[in-house]
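See structure below.
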Amino acid sequence: MKRLFLIFPLIATLMFVVSSCDSKDTPDTSLGDVVSVTYDATNQSFIVKYSKGSEKSYPAVIDNTVDPPTAGYALDNKTYLYAADATVSGDATISQDVNVVSQFVYDGMSTYYYWADHITSKEPKLTDVDPENYFYKILYSTDAQKGWSWITDDVNGLLAGFEGKSLSFGYDLSFTMIGNDVFAIIKYVHPNTPAARAGLQRLDWIGELNGQPITTVQRDGNVYISDQSIDLLYGNNTVTFSTYKISGNQIVADKVVAITPDESGKDPVLYDNIYTIGDKKIGYLFYTNYYDNFNYRLYEVFSQFKQSGVTDLVLDLRYNTGGSVSSAIYLASLIAPKAIVEDKSPFVVMDYNDLWNSLFDQWYKEAKPADKYKYDRKDYLGVYNSVKDKNPLEANLDLSKVYIIATSGSYSASELTLFCLEPYMDVVHIGGNTGGKYTASWTVHGYDDELGMPVYDETKLSSSEKTQLKNWAMQPIVAMYADKDSKNFSNPGYLAPDHKLNEGFGYIDYWTPIGDPKDVLLGQALYLISGDASYLPVQPRSTRSMQTKDIMDSRNMAKPVIIDNVKLTADDFQKIRELRK
């Protein structure tokens, strides 16, 4: 089964070349029907057995643009032979109809995708046997380059990940190289997770996995962690980690621990504190992900801030790669001026493709007043799910200014929070240029509206089609988000800081524990708020740091703003199906 962590890679638009049959390779109908096909990796050929007892070999066409490489051969215009891994011999797939899941990809993307016009001329062919390869092949170039949209055959794992409940070790990593040695550096560990129980903590260095070094690959001129190492670091199996610590100017062995991943909840409210400096009471929140099912934790922390008389707030999103739009609205409703939240002022506007913009606007205009909210492309401050969450106004800090730490590791919902608060209050951005994800996504499923936006009417599908579709889901870009004035930041594509600083001044061995006032980014915020120069970060005159080189982790390039508050009805979906006919 494909695992979710393999679906974020930076993927170039690919052209898959299928060989036409030479006259000498054209199947002889006198041989009878195709009974079975095997693939010979050594000779890169397909061996076809026919119903009249004979067998024949056909040369495979190898596609090395995908990993692993695939093998294919068009036996005729109605039969395609396929091997998912050209390096392994075994039974091959005989395709005589367009793959059901590939057709779902096309039907869903041509309906919901932000760049749907780009998709309409790319219907799947008999040769599009692998839905995942087909999905990435048809993406719009910007999307393919940035790795925004993805597909999975584990829809339940996808949705669990959006709630912080996916199978994991419970840490977040960055990667660096010293000489020829590659290390995974732990940025933080969630409490009560396998990594925490094994004693791993922030600033531990992982150097070996099951006794083997972490490996890299070259892609498009960049160095990435290899898929093999990613499989171990973010996978489903027990792994033995060899960890290291910095001692002076040396990296020394620390411990070896075997850890098994589990589904422990990952509370995104990783750390909070109140710093009293002079007459200032400064609330600090280190927030790792926008998980809607953890909004209650935001309420708890802000209630404590309010009861303690907090006068200023530092929101730390330095590693926050995004998540739910509902959580972003809830968090902003705890921060923004109270009157703005009470008035339920517009916070974010979604711009969909032409079809969806026109439908939402038309249906909004035609709907009864009580139903207009279902079709409104705007989301509002102070609007929340009263079934599971408390009213954010009860814990609202009524601030006119907020200090937000955001870096190149801050994406999507983090950027949305920063950008969409700015029309209402003074937002002081400390850190670096943000990662740059100004788009939004929702989950698309074949037929189940409990799992995502459906493409088909379940009652019209055969049991075989439902079986083939049930585990698949897409997470395509469907919108570009904007502030209340419909302004976005697609140009330049990131948010620039007011105070540009690197964590640890750019040296990993100058990183501090989370919440330490000596942290460069937090210290800058405390100084700006209090005016106390003792908190002002001072660049060291000399460094003890080792020469390091950052390595890219395709798994964490970006997460989408998840549109998790779609309110369309079954009748609305039926109208869409009628329009698509």
Side-chain angles (χ1 to χ4, degrees), residues 162-164 191 265-276 279-317 320 322-348 370 373 376 378-405 413-414 416-428 483-484 515 525 529 561-565 567:
F162 292 157
E163 297 179 350
K266 290 169 279 294
D267 182 355
V269 178
L270 191 71
Y271 181 87
D272 64 274
N273 201 357
I274 297 173
Y275 305 89
T276 301
D279 62 349
K280 300 288 187 179
K281 281 198 170 183
I282 304 166
Y284 174 70
L285 171 63
F286 192 99
Y287 190 51
T288 64
N289 298 91
Y290 286 77
Y291 294 145
D292 181 63
N293 55 313
F294 282 95
N295 285 350
Y296 76 94
R297 288 286 291 121
L298 292 173
Y299 183 91
E300 290 175 355
V301 171
F302 276 80
S303 292
Q304 183 60 47
F305 285 168
K306 187 172 184 177
Q307 292 169 13
S308 300
V310 160
T311 57
D312 300 270
L313 176 68
V314 180
L315 175 62
D316 198 332
L317 304 174
N320 193 316
S324 159
V325 68
S326 295
S327 289
I329 295 166
Y330 194 82
L331 176 59
S333 298
L334 293 164
I335 297 170
K338 184 177 181 180
I340 298 297
V341 180
E342 287 177 327
D343 290 344
K344 292 183 168 53
S345 300
F347 183 59
V348 60
Y373 75 97
D376 196 342
K378 295 179 181 178
D379 286 299
Y380 300 85
L381 291 167
V383 175
Y384 65 102
N385 185 340
S386 60
V387 174
K388 68 181 188 65
D389 294 325
K390 294 183 178 180
N391 189 339
L393 274 169
E394 297 172 358
N396 173 268
L397 295 183
D398 193 21
L399 298 173
S400 60
K401 178 184 284 190
V402 62
Y403 298 80
I404 297 181
I405 296 171
S414 294
L416 184 152
T417 301
L418 196 160
F419 185 71
C420 294
L421 275 175
E422 285 186 330
Y424 293 114
M425 61 192 305
D426 186 3
V427 177
V428 181
D483 68 11
K484 73 177 186 69
I529 295 168
V561 170
I562 305 299
I563 304 174
D564 61 335
N565 55 355
K567 310 170 188 73

Taking all atoms of both residues into account, what is the closest heavy-atom pair of G515 and Y284, and its distance?
CA-CE2, 3.8 Å
Heavy-atom distance under 4.5 Å between the side chains of Y271 and N273, does that happen here?
yes
In the structure I gave you, are the side-chain heavy atoms of L298 and L285 within less than 4.5 Å of one another anywhere?
yes
Where do D312 and K401 land on the side chain to side chain contact (heavy atoms under 4.5 Å, CB included) test, with the steps shown first?
CA-CA 8 Å; D312 300 270; K401 178 184 284 190; 5.8 Å; no
Does K484, at its NZ atom, have more than 12 non-hydrogen atoms belonging to other residues, nucleotides or ligands within less than 6.0 Å?
yes
What's the spacing between S333 OG and L397 CG if we round to 0.5 Å?
12.0 Å
Would L381 and Y424 satisfy side chain to side chain contact (heavy atoms under 4.5 Å, CB included), going step by step from the backbone distance to the final call?
CA-CA 11 Å; L381 291 167; Y424 293 114; 4.1 Å; yes
Nearest 0.5 angstrom please: N391 CG to S386 OG, how far?
9.0 Å
Could you tell me whether a side-chain N or O of D376 sits under 3.5 Å from a main-chain N or O of K378, the two making a donor and an acceptor?
yes
If you define the side chain from C-beta out and look only at heavy atoms, does anything of M425 sit under 4.5 Å from I340?
no
Is there a side-chain contact between F302 and L313, using heavy atoms and a 4.5 Å cut-off?
yes
Shortest non-hydrogen contact from N295 to Y330?
O-CE2, 3.5 Å
Please lay out, stage by stage, how D379 and F347 fare under the test side chain to side chain contact (heavy atoms under 4.5 Å, CB included).
CA-CA 6 Å; D379 286 299; F347 183 59; 5.5 Å; no
Do any pairs count as a salt bridge (Lys or Arg N to Asp or Glu O under 4.0 Å) and have a residue in residues 283-308, sequence neighbours left out, and if so which ones?
D267-R297, D292-K388, R297-E300
Those residues that, when tested against Q304, pass side chain to side chain donor-acceptor pair (under 3.5 Å) (two or more places apart):
S308
Contact check, side chains of Y287 and L331, non-hydrogen atoms, under 4.5 Å:
yes
Got a second to check how far S327's OG is from D389's CG, nearest 0.5 Å?
8.0 Å
For a quick test of reading the model, state the closest non-hydrogen atom pair linking S303 to A395 and the distance between them.
OG-CB, 3.5 Å
Is there a side-chain contact between L270 and P191 in this structure, where contact means two heavy atoms from C-beta onward sitting under 4.5 Å apart?
yes
With rounding to the nearest 0.5 angstrom, report the OH to CG distance, Y373 to N565.
11.5 Å
Within this structure, what is the OG1-CD1 distance for the pair T417 and I329, rounded to the nearest 0.5 Å?
9.5 Å
Shortest non-hydrogen contact from T311 toward L399:
O-CD2, 3.7 Å
What residues form a ring-ring contact (aromatic ring centres under 6.0 Å, His included) with Y275, not counting sequence neighbours?
none
Exam field: side chain N293 to backbone E163, donor-acceptor pair closer than 3.5 Å
yes
What I want to check is whether the side chains of N320 and Y290 have a donor and an acceptor closer together than 3.5 Å.
no
Validation row: F305, D272 side chains within 4.5 angstrom (heavy atoms):
yes
Step by step, would you call V301 with L334 a side chain to side chain contact (heavy atoms under 4.5 Å, CB included)?
CA-CA 10 Å; V301 171; L334 293 164; over 6 Å; no
Note: F294 and P268 closest approach over all heavy atoms is CG-CD, 3.4 Å
Treating N396 as the side-chain partner and A336 as the backbone partner, does any N or O pair qualify as donor plus acceptor under 3.5 Å?
yes
G283 and V310: which non-hydrogen atoms are nearest, and at how many Å?
N-CG1, 3.6 Å
Expected output: side-chain N289 to main-chain Y291 donor-acceptor under 3.5 Å
no
Side-chain touch V314/I529, heavy atoms, less than 4.5 angstrom:
yes
